[in-house]
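Lettering follows sequence order; numbering is per chain, from 1.
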There are 4 protein chains.
Amino acid sequence: MTRPIDLNADLGEGFGRWVLGDDLTLLSLVTSANVACGFHAGDPSVMRRTCLAAVERGVRVGAHVSYPDLAGFGRRFIDMQPDELTDAVLYQLGALDGIARASGTRVTYVKPHGALYNAIVDHEQQAAAVVAAVGLYDSMLPVVGLAGSAAQRAANHRGVRFVVEGFADRGYTSDRQLLARTMPGALLTEPATVARQAVQLLSWGVESICVHGDTPNAAASAAAVRAALVKIGATLQPFAS
Amino acid sequence: MTRPIDLNADLGEGFGRWVLGDDLTLLSLVTSANVACGFHAGDPSVMRRTCLAAVERGVRVGAHVSYPDLAGFGRRFIDMQPDELTDAVLYQLGALDGIARASGTRVTYVKPHGALYNAIVDHEQQAAAVVAAVGLYDSMLPVVGLAGSAAQRAANHRGVRFVVEGFADRGYTSDRQLLARTMPGALLTEPATVARQAVQLLSWGVESICVHGDTPNAAASAAAVRAALVKIGATLQPFAS
Amino acid sequence: MTRPIDLNADLGEGFGRWVLGDDLTLLSLVTSANVACGFHAGDPSVMRRTCLAAVERGVRVGAHVSYPDLAGFGRRFIDMQPDELTDAVLYQLGALDGIARASGTRVTYVKPHGALYNAIVDHEQQAAAVVAAVGLYDSMLPVVGLAGSAAQRAANHRGVRFVVEGFADRGYTSDRQLLARTMPGALLTEPATVARQAVQLLSWGVESICVHGDTPNAAASAAAVRAALVKIGATLQPFAS
Amino acid sequence: MTRPIDLNADLGEGFGRWVLGDDLTLLSLVTSANVACGFHAGDPSVMRRTCLAAVERGVRVGAHVSYPDLAGFGRRFIDMQPDELTDAVLYQLGALDGIARASGTRVTYVKPHGALYNAIVDHEQQAAAVVAAVGLYDSMLPVVGLAGSAAQRAANHRGVRFVVEGFADRGYTSDRQLLARTMPGALLTEPATVARQAVQLLSWGVESICVHGDTPNAAASAAAVRAALVKIGATLQPFAS
């Protein structure tokens with residue numbers, strides 16, 4: 001009996017003249033591409049090229065929505081009002097969906113990026129605001145995030161599907177919480193360790209596993225994760241949406 | 001026998017703290033709202049409020065796409081490459097359509113703004129790039145612009161519907177070309193004169209008449225245009241899209 | 001015996017096509033102009049016109065520095081790292097000083113704007129970061145802010161002069177703390193009340209009194225403040241810098 | 001008898017999370033650093049780090065001013081009005097000078113970047129606007145550009161010093177004009193060829209030689225240029241300013 005599992009990675013994080021990450025390698029390994037929508041990275045032409053490359057490789061596209069913060073790469077909390085945040089998410093979601101549509105696909109999920117991702121673990125109002133945007137746009141669109149987060153509660157409350165993901169390259173505590181980045185073992189860089197972590201996440205029931213593209217050994221780690229999951233009989237495929 | 005005619009105006013041209021124009025008055029007079037998409041004006045929340053107000057008054061929404069130029073209000077030519085421009089139009093079109101969708105409507109046409117509008121009167125490559133974006137997004141979506149423009153030729157070439165508009169508050173030469181802004185009579189500010197001009201545009205066969213919101217007597221002029229058109233038996237209604 | 005007092009107001013808060021506030025009226029009433037530096041408002045040309053208008057009326061110029069947040073008008077807290085914030089303040093301070101220099105004057109003080117102003121009442125690291133920027137730029141340049149704030153402590157610690165200001169149009173508690181905006185009496189709009197408040201602030205020893213330009217009755221209130229201060233023998237003049 | 005010659009390179013062209021070029025290697029080879037000012041690249045923290053690195057290596061700093069165009073990396077012509085352009089140059093010049101000042105140095109020259117550099121070869125009004133900004137800021141500050149350009153004429157007219165530069169990695173016609181980029185031999189990538197070109201530029205009397213940081217073999221070429229110039233007895237030193 002096989003178990004389906006999704007692999008997602010952040011892609012399209014260049015901007016104008018600036019290149020970031022090895023998108024083509026990652027696209028050959030993952031099943032879901034979190035595509036930046038212009039607020040933390042990704043100008044319209046980067047978004048277009050990323051969607052076309054994803055389509056070519058049969059990888060589906062999700063909206064990697066962010067606070068408006070190019071200079072900070074979306075990694076700084078911004079105390080946006082809930083309505084503003086809902087509108088900002090709608091804007092990014094629509095923009096990427098428009099570009100996806102012109103590239104032969106559509107946006108099939110939403111994953112918040114960086115500081116917004118972290119904020120909606122606890123910030124109930126911002127979590128509700130993000131979920132509200134998704135619900136207004138298309139209530140069938142799933143939101144990807146952390147188990148036990150405010151985002152998950154907001155999604156359940158509103159009837160928006162929530163997909164729990166885990167991080168293959170992050171250490172967890174024995175009660176399945178992310179280790180703080182300052183703790184020893186918080187960041188896993190050895191491909192074999194990352195692969196073991198992915199197998200463990202699968203056993204915990206996550207629906208999607210995130211591999212990062214800009215960490216040391218990123219491509220090697222993603223390949224190791226993929227191989228380890230296949231080896232134990234998991235089927236790599238996009239989560240339902 | 002009545003003749004259908006559309007009235008369009010530029011709306012949603014505030015940004016953040018800044019307000020511009022009297023949107024609510026114009027929405028009570030026009031049949032089509034050209035809504036700014038964030039590149040020359042219109043942050044996501046302004047866009048949302050504008051769409052909601054348009055829906056409430058039964059006015060349909062079009063994408064008022066622009067060069068990326070907030071500081072210049074989209075009034076400065078930017079020598080964008082055709083591909084960049086196509087992608088930028090797709091981005092704006094998708095963003096507004098996403099917000100429109102969340103507001104109970106959809107984008108039903110595209111009208112370029114400011115320097116982009118003027119550029120694609122003559123600039124064949126940029127005209128083709130704008131039309132290409134619309135064709136990629138939804139080939140049924142009409143583009144609004146000037147008769148005899150490169151944009152019209154590009155639309156005809158690609159099979160995208162082109163809607164010819166005229167300006168009620170601008171003077172024309174005897175061969176129906178816009179008078180240069182520096183010529184006497186180029187800008188009409190007297191409501192009665194503006195209304196007469198609108199009636200003449202109707203007789204020329206334009207499908208839509210543009211009234212501006214930020215000129216002197218703007219609301220009075222728009223009301224006069226509407227009254228004059230109704231008086232001669234025209235039916236104010238959105239052009240087909 | 002007369003008492004010197006400074007009146008300051010926020011100016012140059014337009015951006016591109018957008019106009020905000022009645023700068024010329026306020027320039028005829030105040031002694032110090034807090035000029036926006038492009039991060040919450042004020043493009044380079046607005047900054048230039050504001051500096052030239054201030055010079056013409058003999059009003060000196062201060063840098064109204066902000067988080068980078070045009071869409072939010074600088075009113076949203078951004079969790080910037082201290083180094084980033086120091087650099088962002090240096091950038092704005094230098095930019096305005098360059099424009100001031102080309103306009104026949106120089107920046108003579110720094111006043112944080114909006115959410116940054118509020119943050120550095122309590123946020124020790126951001127307060128130290130703002131003060132560090134000023135100290136690096138010109139250690140003789142004063143910083144304007146709230147009595148008892150983290151900013152004041154940071155300035156004292158670093159040997160940067162701190163100028164205590166009060167708000168003529170805000171209510172205070174009996175122990176001289178600002179009333180929260182949600183409390184009755186927090187916002188004063190009656191010119192006579194605002195003027196009485198200004199007289200009280202003078203008796204408390206503030207060196208500068210802020211009058212706002214975008215509240216109801218703003219110009220009337222500023223004029224009333226000025227008249228009331230003159231009447232009790234105060235001399236309106238810039239604080240020393 | 002030795003001949004003084006300046007070597008300049010574009011530096012600080014990262015932005016936020018994005019890195020570009022090998023600044024530290026180039027800083028060990030050149031005498032003048034053209035530092036991006038935030039309009040085409042270079043956020044305040046990148047600018048600060050670049051200034052500090054230049055100071056540490058004894059390299060002086062110039063303002064690499066640009067059209068406002070992060071997404072286009074300043075490589076797209078923008079039809080700015082002369083006044084707007086003057087103000088935009090002043091803003092950037094002041095911003096970088098503020099950051100330079102906090103880093104223990106000052107801006108000692110101005111070099112336009114990208115499309116602005118190319119525009120002011122022929123565009124008399126934009127050339128005059130750039131020179132006007134420099135003259136207003138500090139009439140002793142030289143402007144770096146192309147021999148025979150509108151910028152040179154504008155500088156001569158206004159009494160601003162103009163420094164003629166040549167490009168070590170570009171081919172020239174027999175009458176010392178740049179070969180169009182589409183011509184064979186327009187781009188030199190072989191370090192030995194680049195070095196020979198530099199020696200020839202010296203014989204033509206240019207005061208500064210530009211080496212690029214983002215072309216193939218960039219660092220090797222810059223090192224070869226430096227060695228070739230030293231070998232023929234030239235003294236590498238900043239041009240007078």
Which residues in residues 158-179 of chain B have any heavy atom closer than 4.5 Å to a heavy atom of chain D?
none
In chain order, what residues pass the side-chain contact (heavy atoms from CB on, under 4.5 Å) check against B:D6, with sequence neighbours excluded?
B:N8, B:T31, B:S32, B:R60, B:S208, B:P238, B:F239
D:D10: partners by side-chain contact (heavy atoms from CB on, under 4.5 Å), with sequence neighbours left out
D:E13, D:N34, D:H64, D:K111, D:H212
Enter the distance from D:D138:CG to D:T108:OG1 here, rounded to the nearest 0.5 Å.
10.5 Å
Within the distance-only criterion (no hydrogens, no angle test), does the side chain of D:Q152 pair as donor or acceptor with the backbone N or O of D:G148 below 3.5 angstrom?
yes
Is the closest side-chain heavy-atom distance between B:L141 and B:L93 below 4.5 Å?
yes
Determine whether B:S103 and B:T50 make a side-chain contact, defined as any pair of heavy atoms from C-beta on separated by less than 4.5 Å.
no
How about CD on D:E124, more than 12 heavy atoms from neighbouring residues, nucleotides or ligands closer than 6.0 Å, or not?
yes
Without swapping roles, check the side chain of B:N217 against the backbone of B:T189 for a donor-acceptor pair under 3.5 Å.
yes
Applying a heavy-atom distance below 4.5 Å, give me the residues of residues 66-83 of chain B that approach chain D, sorted by number.
B:P68, B:R76, B:F77, B:I78, B:D79, B:M80
Just so I know, are the side chains of B:F15 and B:L20 near enough to count as touching, which here means a heavy-atom distance under 4.5 Å?
no
